[in-house]
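Below is one structure, written out as structure tokens, with a few remarks after it.
Every number for a ligand or one of its atoms is a count from 1 in the order of the listing.
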Amino acid sequence: MAAIPAPVPGVRAARPSSISLSARASLFTAGILTLLGLLCGITLYAGEQSKAEQQVHESAFRIAAAIAEYAKEDLSDAASLQQTITRGAHWRNVDRVAFYDAAGTLIMADGAAPIPEEAEALRASRARQSLIQAGMTAVSAAPVAENGVRFGAVVVTVRNPSAFAAAWQTMGGYIALIAAYVAMATALSIAFVRRAVAPLQQLTEFAERADTQQGGRALQVRTGDEFETLANAFNQMMERLDASTRRVRALAYIDATTQLPNHEFYTRELNRAITQSNPDAAPGALIIIDFGRLQKMLETLGPEASSNLLALVAHRLRSAVRMVDRLVRLQAAQSQPTFIARLRQHEFGLIAHSFAEEGDIARYAQLIASAVNQPFVWRDLKLSLDARCGAVRIGEDGRDADALTRNARLALQAARSTPTGVKFFTRALDLEVANRLQLENDMRSALERNEFHAFFQPKVNLADGRIMGAEALARWIRPDKTIVSPALFIPVAEECGLIGQVAEAVMREACWKAAAWAREGLAVQVAVNVSALQLRDDAFAEHIQKILEQAGLPPFCLELELTESIAMENPDQALRIIEPLRARGVRFSIDDFGCGHSSLAALTRLPFDVLKIDQQFVRGLERDRHAPAMIETILAMAATLNLDVVAEGVEQEREAQFLRRRGCIYGQGFLFGAPEPAAVFGERLRAQASGLRPVYAGEQDIDAA
Ligand code: C2E
Ligand code: MG
Ligand code: MG
């Protein structure tokens, strides 16, 4: 058997667009380490800066004190004082030197413009030396005093930006060290984080692939921590999921009764075969096999027995296919065995590959059919399956699985009426179906437009030609007045389920017209044909009674005609319909008697009032030497069973005479009148009532002739 189709891979769960957990953890650690490095750098920088400032500060302090010392010597000589001041101002890093007297008045100065800190330093230096620091600029004031007498103060502004640059130089080494530390620590921590979260990554990928790796390897995590517990739980969960997925897939693709692939599986396999088909290669075939006789058997069996029988039939089919494959298609079947599926109740599909020529396909189907048709014994019953096959060529007789299956089923339908039971699909079959569909559509519109009517064909007393009843026969009168025969539309109506509506129209018209004639004093019995579908409806008897009441027709004026095949399809059901209606006075006739296979069974099992001899016997009177004997036998049997007899299809006077002389009382046929519209038939009844000579004069006229 072909492998059960793999599940369609699901759409992979979308990964969040943000970065992965390990990347985030690494980034976080790297960030923290960089921050730490930065903090170290800033602390070092602050230390170095204050060291540089301290240097400037100290040098300003020292310079101010030194110049104040020189100035003290020069107090008496303004020129030397000026010289000392100027010399001091040229010292390295000195921006300005100023001399103030004790009152704080600037006496002399050299260097850049004074800065506000100068006044401040001066103020602060009244008691002792003072220093004002502003970045890399320090302003220091030193008092010029002797023996406790303060003569003034020297204020020095020292600026040394290079002190800071020197600090930066010292810091360079530190920075490189910190950067190396940060880089190393970051790399190490990233490696560590990655290693720590690796099982999680494994779990994530495993979970993502979970829907595509049925029966795949288990997850291997040996970390001894929560990850390992999680991975083990995951493995157990996947095992259970795997088992239930396998069960679900078997349920979805395998038919439980026969253990064969089901329709779903078949459709996939067929579509695959279509895709692989190649016009230049040996053709493949789809063969649909139906066991028509199985339907009836299954209907009568309980659920357990019907499953058992179906399983046996499937087994026989499988064995037959394998045997035929082995015998006649050794090579082709070895490379690609025939695929067998159960499609519907008793319908199976075979997909077979590589036939050397088209004729081989039909031969192959025939061999399989005859192999399965061999009688067999099941529960003490000898059974034979009436296998029918419809075949199509894969890739040629349909674009997809649906079209191929449909066409194979069309061929199967046609196969039912072939002697071999095997039929190949042809375009003509397709056309037939298209015409049928057209007819079905037309019928639906015709029903809406009330185009279905009852025509009435007289049933006469053969002795005197008097009309004693009529058969209401359906006619479809198209808008262009053409009349469609029921032989054409009744089978289609039955197939597409429209027969109920058509029959309803005929039944109503027949009952209403019969009631109207009865009210006129022209009471006749009107017979209406019943279809198989109507008889299957449990509410049919009730429905007829309702129509009779609505029309106001006495029940004994209505006769219902059942063919023996319809009546014997389900005799118990027929009896359930017949009995209550018969109890009210409705008569029942068995139509087309003698042309089915169960005539006698129908007569003995069901309570009929009238027997209608099928037209083939009457027509056969001239040609078939057995026909007279048959008619005589039927008449004798009807007399014994106390049934009225109507001979159908009487066209010739000779036939009427024969029937009359053999004791047949009633006749129906073109000799007495064809089916005609209600108005024409009504006129005929009126003419008969007014004593006019009937159309058919009866025995007297013949004798006279
Ligand atoms: P049937 O019930 O056996 O009706 C008799 C058929 O024989 C009618 O054909 C009728 O026109 C035809 N016939 C009558 N006398 C002669 C004759 O002398 N010679 C020949 N060759 N034929 C004669 P029709 O009207 O074409 O109906 C055919 C069949 O369609 C009916 O056979 C009946 O089975 C079915 N049918 C007609 N109307 C209805 C209906 O309303 N409901 C159902 N369920 N079936 C109907
Ligand atoms: Mg009939
Ligand atoms: Mg008939």
Side-chain angles (χ1 to χ4, degrees), residues 443 446-447 451-460 462 467 469-477 483-511 513-514 525-537 540 544 547 558-567 569 577 587-596 599 602 608 610-623 634 645-656 659 666-678 681 695-696:
M443 275 173 77
L447 275 165
E451 287 175 18
F452 290 95
H453 293 281
F455 270 37
F456 296 84
Q457 184 178 31
K459 288 182 189 175
V460 302
L462 290 170
I467 300 169
E471 178 173 3
L473 292 154
R475 291 292 180 270
W476 174 3
I477 306 173
I483 296 178
V484 186
S485 154
L488 200 73
F489 65 80
I490 294 274
V492 180
E494 271 179 336
E495 238 171 62
C496 65
L498 290 176
I499 186 69
Q501 284 164 270
V502 174
E504 173 85 6
V506 175
M507 179 74 73
R508 282 187 179 276
E509 190 171 350
C511 291
K513 288 291 171 344
Q525 231 156 30
V526 174
V528 182
N529 294 283
V530 176
S531 74
L533 221 67
Q534 285 172 292
L535 207 66
R536 278 183 220 142
D537 179 7
F540 182 66
I544 295 292
I547 293 181
L558 178 68
E559 186 176 301
L560 295 177
E561 294 190 6
L562 309 180
T563 62
E564 58 193 75
S565 58
I566 291 176
E569 187 187 289
I577 304 279
R587 282 158 57 92
F588 279 85
S589 57
I590 181 154
D591 201 358
D592 303 342
F593 185 81
C595 73
S599 307
F608 286 106
V610 184
L611 184 155
K612 295 184 78 179
I613 302 177
D614 190 64
Q615 7 187 313
Q616 65 170 334
F617 297 110
V618 179
R619 235 173 290 136
L621 278 176
E622 305 268 302
R623 302 185 291 269
I634 293 173
V645 179
V646 178
E648 291 188 282
V650 184
E651 292 180 358
Q652 307 290 331
E653 179 50 42
R654 285 187 301 280
E655 293 159 1
L659 290 162
Y666 305 107
Q668 179 185 345
F670 294 162
L671 180 65
F672 319 113
E676 52 202 16
F681 184 74
V695 177
Y696 174 69

Write out the residue and atom name of the closest protein heavy atom to [atom], then the distance separating them to 0.1 Å.
{"atom": "atom 18 (O) of ligand 1", "result": "F670 N, 2.8 Å"}
{"atom": "atom 42 (N) of ligand 1", "result": "N529 O, 3.6 Å"}
{"atom": "atom 11 (O) of ligand 1", "result": "P675 CG, 3.4 Å"}
{"atom": "atom 38 (N) of ligand 1", "result": "A474 N, 2.9 Å"}
{"atom": "atom 30 (O) of ligand 1", "result": "P486 CB, 3.8 Å"}
{"atom": "atom 15 (N) of ligand 1", "result": "Q457 NE2, 2.9 Å"}
{"atom": "atom 12 (C) of ligand 1", "result": "Q615 NE2, 3.6 Å"}
{"atom": "atom 20 (C) of ligand 1", "result": "E651 OE2, 3.3 Å"}

[Y] and [X], any side-chain heavy atoms less than 4.5 Å apart:
{"X": "L560", "Y": "M507", "answer": "yes"}
{"X": "F452", "Y": "E509", "answer": "no"}
{"X": "E622", "Y": "R654", "answer": "yes"}
{"X": "F588", "Y": "V530", "answer": "no"}
{"X": "L462", "Y": "F672", "answer": "yes"}
{"X": "F681", "Y": "Q457", "answer": "no"}

Pairs where residues 492-508 contributes a residue and the test salt bridge (Lys or Arg N to Asp or Glu O under 4.0 Å) is met, not counting sequence neighbours:
R436-E495, E504-R508
Could you check whether any side-chain N or O of Q534 sits under 3.5 Å from a backbone N or O of G500, counting only pairs where one atom can act as donor and the other as acceptor?
no
For Q501 and L498, indicate whether the former's side chain and the latter's backbone hold a donor-acceptor pair under 3.5 Å.
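No; zero donor-acceptor contacts below 3.5 Å.
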Determine, stepwise, if the pair F617 / E648 fulfils side chain to side chain contact (heavy atoms under 4.5 Å, CB included).
CA-CA 9 Å; F617 297 110; E648 291 188 282; over 6 Å; no
Decide side chain to side chain contact (heavy atoms under 4.5 Å, CB included) for I613 and V645; before the verdict, give the C-alpha distance in whole Å, the side-chain angles of both, and the deciding distance to 0.1 Å.
CA-CA 7 Å; I613 302 177; V645 179; 3.6 Å; yes
Any nitrogen or oxygen of D591 lying under 3.5 Å from a nitrogen or oxygen in ligand 1? Just yes or no.
yes
Below 4.0 Å from any atom of ligand 1, is there a heavy atom belonging to [X]?
{"X": "E648", "answer": "yes"}
{"X": "G649", "answer": "yes"}
{"X": "R475", "answer": "yes"}
{"X": "E471", "answer": "yes"}

Determine if the distance from [atom] to the closest protein heavy atom is below 4.0 Å.
{"atom": "atom 9 (O) of ligand 1", "result": "no"}
{"atom": "atom 35 (C) of ligand 1", "result": "no"}
{"atom": "atom 32 (O) of ligand 1", "result": "no"}

V502 contact mode with ligand 1 (heavy-atom cut-off under 4.0 Å)
neither
Which is it for L473 and ligand 1 at heavy atoms under 4.0 Å: side chain, backbone, both or neither?
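Looking at L473 and ligand 1, atoms from backbone and side chain both fall under 4.0 Å.
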Assess whether side chain to side chain contact (heavy atoms under 4.5 Å, CB included) is satisfied between L535 and E569, documenting all intermediate values.
CA-CA 10 Å; L535 207 66; E569 187 187 289; over 6 Å; no
Just to verify, what does K459 make a side chain to side chain donor-acceptor pair (under 3.5 Å) with, not counting sequence neighbours?
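K459: side chain to side chain donor-acceptor pair (under 3.5 Å) contacts with E559, E561.
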Under 2.8 Å from the Mg ion (ligand 3), which protein N/O/S atoms are there?
D591 OD1, D592 OD1, E648 OE1, E648 OE2
Criterion side chain to side chain contact (heavy atoms under 4.5 Å, CB included) on E471 and N529, from CA distance to verdict
CA-CA 8 Å; E471 178 173 3; N529 294 283; 2.8 Å; yes
Atom pairs and distances, donor-acceptor, side-chain atoms in residues 484-492, under 3.5 Å, two or more places apart:
{"unit_1": "S485", "atom_1": "OG", "unit_2": "A487", "atom_2": "N", "d": "3.0"}

Near [X], which atoms of ligand 1 are under 4.0 Å from a heavy atom of that residue?
{"X": "V506", "result": "41 (O)"}
{"X": "G669", "result": "15 (N), 18 (O)"}
{"X": "S531", "result": "44 (N)"}

Distance-only side-chain donor-acceptor flag, D592 / Q616, under 3.5 Å:
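Their side chains do not contain a donor-acceptor pair, so the 3.5 Å distance test is not met.
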